[in-house]
Amino acid sequence: MKKLQLLFIHSDYMEYEAKEKTRVAEPISESRKKERVEEVLVVFIAVEREDEKDVKYMVEKASEEAISVFHKVGAERIVLYPYAHLSSELASPERSIEILRGMEEDLLSRGVEVKRAPFGWYKSFTLRCKGHPLSELSRKIKGREGGGAEAEEVEVEKLSKALEAEEKAESHFFFMDTGGEGGLIRTEDFEFELDKRDNLQKFFVYESEKRRAVDKVPPHVELMKRLEIADYEPSSDPGNLRFYPKGKLIKALLEEYVRNSVAEYGAVEVETPIMYSTRHPSLKDYLERFPARQYSMAGKGGKPDLFLRFSACFGQFLMSKDMSISYKNLPLKIFELASSFRKEKRGELVGLRRLRKFTMPDMHTLCKDMGEALKEFKKQYELCMRVLEGIGFFTKDYEVAIRFTREFYDDDANKGFIDELVRIAGKPVLIEMWDQRFFYFVLKFEFNFVDALGKASALSTVQIDVENAERYGIKYVDANGEEKSPIILHCSPSGAIERCMYALLERAYLEKERGVLPMLPLWLSPTQLRIIPVAERHLEYIEEILPVLNGIRTDVDDREETVSKKIRDAGRDWIPYVAVVGDKEVEKNTLSVTIRGESSKSESKGEQRQKQKVEEMDVFELKNRVGELIKSKPFRELPFSYKLSERARFVGG
RNA sequence: GCCUCGGUAGCUUAGCCUGGAUGAGCGGCUGAUUUGUAAUCAGCAGGUCGAGGGUUCAAAUCCCUCCCGGGGCUCCA
């Protein structure tokens with residue numbers, strides 16, 4: 001089978017000059033010996049081994065690849081540069097020249113300006129690489145097995161693409177289902193549920209790339225502004241948002257909820273610094289592996305000296321290293337609600353989904369050995385499910401990914417463990433298996449939310465870390481008095497708080513598309529109950545019943561507007577309970593309560609109205625009903641005046 | 001970071017292609033209306049047209065640079 005090695009360098013310019021012939025030199029005219037080409041995509045090429053039948057195919061594929069990179073980086077011309085050093089198994093010179101010439105012709109015929117450096121000459125060259133992230137790329141083109149029939153071409157092409165992707169990632173995707181025996185199901189053998197939107201499929205597509213282009217602002221971005229939750233802050237670094245009172249309230253409630261959940265689970269809460277010295281030896285190691293994403297601050301002499309943490313790992317590891325820990329203390333769980341900073345690339349930032357400053361619940365668990373680590377892993381897997389459920393996400397709302405190294409899965413004892421995780425999920429799961437361990441972990445899972453645009457992002461995650469205890473010198477003393485390195489679990493039970501908010505908003509949008517009235521979970525709704533007086537004279541009655549509703553975020557629309565207008569505004573604010581008070585209610589000592597969660601929306605061209613579920617009840621009944629639904633969740637008072645007339649707007653429209 | 005699309009009043013936007021005094025709706029303010037389940041009526045105020053530079057007699061409009069946002073690529077400890 002023939003292969004083609006390609007190395008692309010997007011350059012400001014390239015100059016080359018043919019100096020001396022080798023044995024295999026192609027004859028060339030004097031004018032082709034020396035060239036200078038500007039704004040160029042340089043394609044270094046080595047053709048490997050030999051298969052005469054496949055020349056045409058190889059030329060075509062290689063040209064396609066070159067064209068695709070050419071357009072992607074926006075180069076103006078192409079230089080084809082034979083570069084034998086890319087391979088140790090070169091094809092014959094004849095075949096190589098044939099392919100190079102073929103590519104030259106092919107590219108010319110597609111209207112690209114092409115120069116081909118002479119084959120078989122010793123050449124001098126200079127080029128200046130542009131140095132943007134895509135300016136250096138390499139590709140391998142594989143020939144068809146045996147150079148077979150044309151009919152197979154499509155199939156083969158797909159396969160070679162898949163192979164290529166795998167080679168790059170050095171990992172393999174599978175699915176696993178709940179049906180007992182389970183085992184790994186190859187992705188091509190797996191049947192997605194055909195009904196409804198299959199998020200697992202979307203998630204897999206997202207993970208294995210091939211995304212469709214969407215030219216739409218993500219729904220949650222508009223919602224976060226319109227609902228006065230959060231907004232961009234142009235005067236800060238991108239990805240550092242401002243949160244309005246409603247957003248701050250929701251965020252604070254979520255934080256409190258997650259904090260309570262891990263405390264109940266047995267974690268101790270700590271607080272560690274948000275910035276660290278780049279000179280610390282353990283941190284240095286880490287940083288060198290991931291240099292690009294730090295917010296760093298200049299120290300003496302203008303050199304970066306401090307960096308902002310991108311997770312709570314450092315602080316907690318450094319703390320753990322100084323502790324004295326007995327095996328009796330294990331598993332030891334340390335938790336922090338950590339403001340974290342990652343200088344993500346500009347183009348990766350979106351609304352509340354991906355930020356440069358975000359709030360990460362981060363729990364680390366020190367375990368005495370792998371057995372204990374696995375036991376904890378499973379418990380935390382279940383903890384994560386419970387926490388998400390409390391926030392309002394059920395298994396139908398997220399997709400489970402379990403990832404591990406081949407080595408981990410080769411151990412038969414671990415196979416059953418993975419099966420058990422799938423069984424707990426109760427639905428098919430995406431599996432990724434790495435050929436080697438590239439990071440510090442051998443096993444991790446995430447719960448991924450798939451949004452309205454088909455993009456997936458991780459909420460909860462747990463990872464088993466086999467590397468950092470040693471790196472940071474974290475030790476415990478075992479029953480024999482010997483010092484040992486623990487295994488560390490990293491767990492974020494909910495994922496970033498902002499990301500939970502993003503997911504809640506995106507989900508509400510998706511629900512709306514399905515004809516359901518969008519809303520936030522009751523305990524997170526900034527206003528849980530709005531009371532609307534029909535006329536000013538009803539305000540007195542409202543003031544009388546208000547104290548009963550203590551413990552429920554209740555506000556009163558005392559503005560001089562029509563009842564219709566107030567109802568509409570309450571709807572636009574997604575308020576779960578809206579109570580109207582007029583003469584009738586005052587007389588009967590009741591409230592007419594519209595319950596959003598039980599009302600329905602009617603789509604279509606303005607003709608039909610939504611069906612509102614209105615119930616008449618007295619204030620105690622209402623109080624009990626709402627109170628019952630929120631009693632197990634954190635509560636905060638309204639973050640502004642209960643009278644709408646006194647409230648300032650944070651955003652217009 | 002690269003490619004690409006966009007930025008006009010607090011918000012949503014018309015005008016831009018084809019250069020010739022920024023127009024509207026919502027919101028705000030004032031007045032009238034005291035209202036029964038998805039927008040009451042009228043009036044008023046509100047704009048260095050993202051910033052800077054250039055072309056032109058003349059720039060929101062054409063060109064360049066930068067900033068901010070969306071999408072794609074890439075990446076995600």
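Lettering of chains follows the sequences in order, A, B, ..., and the numbering in each one begins at 1.
- Counting only distance, with no hydrogens or angles, the side chain of A:Asp465 and the backbone of A:Asn468 share a donor-acceptor pair below 3.5 Å.
- Residue A:Lys225 contributes atom NZ, which lies 10 Å from atom C1' of B:C68 at whole-angstrom precision.
- Rounded to whole Å, atom C1' of B:U74 lies 17 Å from atom CZ of A:Arg342.
- Nearest to the side-chain atoms of A:Thr594 among the listed nucleotides B:G72, B:C68, B:U37 stands B:U37.
- For A:Glu560 against B:G31, no side-chain N or O and base N or O form a donor-acceptor pair under 3.5 Å.
- Relative to the side chain of A:Ala535, the nucleotides B:A39, B:G36, B:U34 differ in distance, and B:U34 lies closest.
- Neither OP1 nor OP2 of B:A77 sits under 4.0 Å from any side-chain N or O of A:Ser311.
- Contacts of A:Val350 with the nucleic acid, taken as non-hydrogen atoms under 4.0 Å apart, involve only primed sugar atoms and P, OP1 or OP2.
- Residue A:Asp451 contributes atom CG, which lies 14 Å from atom C1' of B:G70 at whole-angstrom precision.
- Proximity of a side-chain donor or acceptor of A:Arg499 to a complementary backbone N or O of A:Ala458 within less than 3.5 Å is detected.
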Between A:Phe441 and A:Trp434, is a ring-ring contact (aromatic ring centres under 6.0 Å, His included) present by the stated rule, with each step listed?
CA-CA 11 Å; A:Phe441 42 83; A:Trp434 298 298; 5.6 Å; yes
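- Taking a pair to require two hydrogen-bonding distances under 3.5 Å in either a Watson-Crick or a G-U wobble arrangement, B:A42 pairs with B:U30.
- Taking atom C1' in both B:G7 and B:U13, the straight-line distance is 12 Å, to the nearest Å.
- Closest to the A:Pro218 side chain, of the nucleotides B:G70, B:U37, B:A77, is B:G70.
- Only the C1' atoms considered, B:A39 is 16 Å distant from B:C11, to the nearest whole Å.
- The separation of B:C67 from B:G52, taken at their C1' atoms, amounts to 10 Å, rounded to a whole angstrom.
- On the C1' atoms, B:C41 is 8 Å away from B:U33, given to the nearest whole Å.
- Among the heavy atoms of the strands, none lies under 4.0 Å from A:Glu222.
- Within 4.0 Å (heavy atoms only), A:Val534 reaches at least one base atom of the nucleic acid.
- Taking the P atom of each, B:U35 and B:C16 are spaced 48 Å apart, rounded to whole Å.
- Among B:U34, B:C68, B:A77, the nucleotide with an atom closest to any side-chain atom of A:Pro238 is B:C68.
- Remark: B:G6 base-pairs with B:C68; criterion is Watson-Crick or G-U wobble with both hydrogen-bond distances under 3.5 Å.
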ring-ring contact (aromatic ring centres under 6.0 Å, His included) assessment of A:Tyr440 paired with A:His490:
CA-CA 11 Å; A:Tyr440 55 74; A:His490 300 235; 4.8 Å; yes
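- When the C1' atom is compared between B:C75 and B:C66, the two are found 25 Å apart, to the nearest whole Å.
- Nearest-nucleotide positions on RNA chain B for A:Val221 and A:Arg499 put A:Val221 closer to the 5' end.
- Taking atom P on both B:G50 and B:G10, the two are 12 Å apart, rounded to the nearest angstrom.
- For A:Arg649, taking side-chain heavy atoms from C-beta onward, the closest of the listed nucleotides B:C75, B:G28, B:U35 is B:G28.
- With distances taken from any side-chain atom of A:Phe441 to the nucleotides B:C68, B:A77, B:U35, the minimum falls on B:A77.
- Regarding A:Phe358, its CZ atom lies at a distance of 11 Å from the P atom of B:A77, rounded to whole Å.
- In this structure, A:Asp583 reaches the bases: a heavy-atom distance under 4.0 Å links it to at least one base atom across the strands shown.
- The listed nucleotides are B:U35, B:G72, B:U40; the one nearest the side chain of A:Glu561 is B:U40.
- Here A:Asp558 does not pair with A:Lys643 in a salt bridge; the nearest charged N to carboxylate O distance is not below 4.0 Å.
- A:Ser457 comes within 4.0 angstrom of nothing in the nucleic acid, heavy atoms only.
- Under the 3.5 Å distance criterion, the side-chain polar atoms of A:Lys566 are matched with a main-chain donor or acceptor of A:Arg559.
- Side-chain proximity of A:Glu536 to the nucleotides B:U34, B:C75, B:G71 is greatest for B:U34.
- One C1' atom belongs to B:G23, the other to B:U65, and the distance between them is 31 Å to the nearest Å.
- Of the candidate nucleotides B:G36, B:U35, B:A39, B:U35 has the atom lying nearest to any side-chain atom of A:Arg537.
- Base pairing of B:U13 is made with B:G23, judged by Watson-Crick or G-U wobble geometry with both donor-acceptor distances under 3.5 Å.
- Using a 4.0 Å heavy-atom criterion, one finds that A:Leu349 contacts the sugar-phosphate atoms exclusively.
- With salt bridges taken as basic N to acidic carboxylate O contacts below 4.0 Å, none links A:Lys357 and A:Glu344.
- For A:Lys455, the listed nucleotide lying nearest its side chain is B:G72; candidates were B:U37, B:G72, B:C75.
- Residue A:Gly351 is classed as a sugar-phosphate contact, given heavy-atom separations below 4.0 Å to backbone atoms only.
- In a base pair of the Watson-Crick type (N1 to N3 plus N6-O4 or O6-N4) or a G-U wobble (N1-O2 and O6-N3), with each distance short of 3.5 Å, B:U56 is matched with no nucleotide.
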Check the pair A:Tyr276, A:Phe314 against ring-ring contact (aromatic ring centres under 6.0 Å, His included), reporting the backbone distance first and the verdict last.
CA-CA 8 Å; A:Tyr276 294 88; A:Phe314 316 108; 5.6 Å; yes
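- Within the 4.0 angstrom heavy-atom criterion, base atoms lie near A:Lys584.
- The nearest whole Å value for the distance from the CZ atom in A:Phe70 to the P atom in B:U4 is 13 Å.
- Residue-level contact check: A:Gly571 touches neither bases nor backbone, having no heavy atom under 4.0 Å from any strand.
- A straight line from CZ of A:Arg354 to C1' of B:A77 spans 11 Å, rounded to a whole angstrom.
- In this entry the distance linking CZ of A:Arg353 with P of B:G70 reads 11 Å, nearest Å.
- In this entry the distance linking NZ of A:Lys345 with P of B:C3 reads 15 Å, nearest Å.
- Using N1 to N3 plus N6-O4 or O6-N4 for Watson-Crick, or N1-O2 and O6-N3 for G-U wobble, each under 3.5 Å, B:C73 pairs with B:G1.
- With A:Arg437 contributing its side chain and A:Phe404 its backbone, the two residues share no donor-acceptor pair below 3.5 Å.
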